[in-house]
> 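One structure coming up, written as structure tokens, with questions to follow.
Values below: all heavy atoms of this structure, side chains included; hydrogens, waters and symmetry mates excluded. When a residue number appears, it is its place in the shown sequence, counting from 1.
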Amino acid sequence: MEIPKTTPDPNAPYQKMYVTLFKAVTASLDMMENGEFMNARAVLIRAQQAAEELYINGNE
């Protein structure tokens, strides 16, 4: 999978994006330790989508 090269948006809410993803990674790691791999995957996907929405709507 190739990641497109984009110019960072200085108005994007990077702190909210970071916190959203960090919490999801932390929760997912706990879930994986308990064998809940599909739940962990779902949490990561939702966090990815939420961070993307924050980025897209960041300069509105």
> Could you tell me the separation between the CD atom of Q48 and the OG1 atom of T20, rounded to the nearest 0.5 Å?
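Separation between the atoms: 12.5 Å.
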> Mind checking side chain to side chain donor-acceptor pair (under 3.5 Å) for Q49 and listing every partner two or more places apart, or none if nothing turns up?
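Applying side chain to side chain donor-acceptor pair (under 3.5 Å) to Q49 gives none.
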> If you round to the nearest 0.5 Å, how far is OG of S28 from CD of E33?
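Between E33 CD and S28 OG, I get 11.5 Å after rounding to 0.5 Å.
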> Quick one: does V19's side chain get under 4.5 Å of K23's, heavy atoms only?
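They are in contact (side-chain heavy atoms under 4.5 Å apart), so the answer is yes.
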> V25, F37: one ILVMFWY side-chain cluster at the under-4.5 Å cut-off?
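Linked, V25 and F37 end up in one cluster.
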> Going by side chain to side chain donor-acceptor pair (under 3.5 Å), name the residues that satisfy it together with E53, two or more places apart in sequence or in a different chain.
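Applying side chain to side chain donor-acceptor pair (under 3.5 Å) to E53 gives N57.
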> So, using side chain to side chain donor-acceptor pair (under 3.5 Å) as the criterion, who are the partners of D30 when residues are at least two apart?
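For D30 there are no side chain to side chain donor-acceptor pair (under 3.5 Å) partners, ignoring immediate neighbours.
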> For the residue pair M17 and Y55, establish whether any side-chain heavy-atom pair is separated by less than 4.5 Å.
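Yes, side chains in contact.
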> Which heavy-atom pair separates A40 from M32 by the least distance, and what is that distance?
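Of all heavy-atom pairs spanning A40 and M32, the closest is CB-CG, 3.8 Å.
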> To the nearest 0.5 Å, what is the distance between CG (L29) and CG (N34)?
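CG of N34 is found 11.0 Å from CG of L29.
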> Got a sec: does the CD of E36 have more than 12 other heavy atoms crowding it under 6.0 Å?
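Enclosed.
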> How long is the span from the CG atom in L21 to the NZ atom in K16, to the nearest 0.5 Å?
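Nearest 0.5 Å value for the CG-NZ distance: 14.0 Å.
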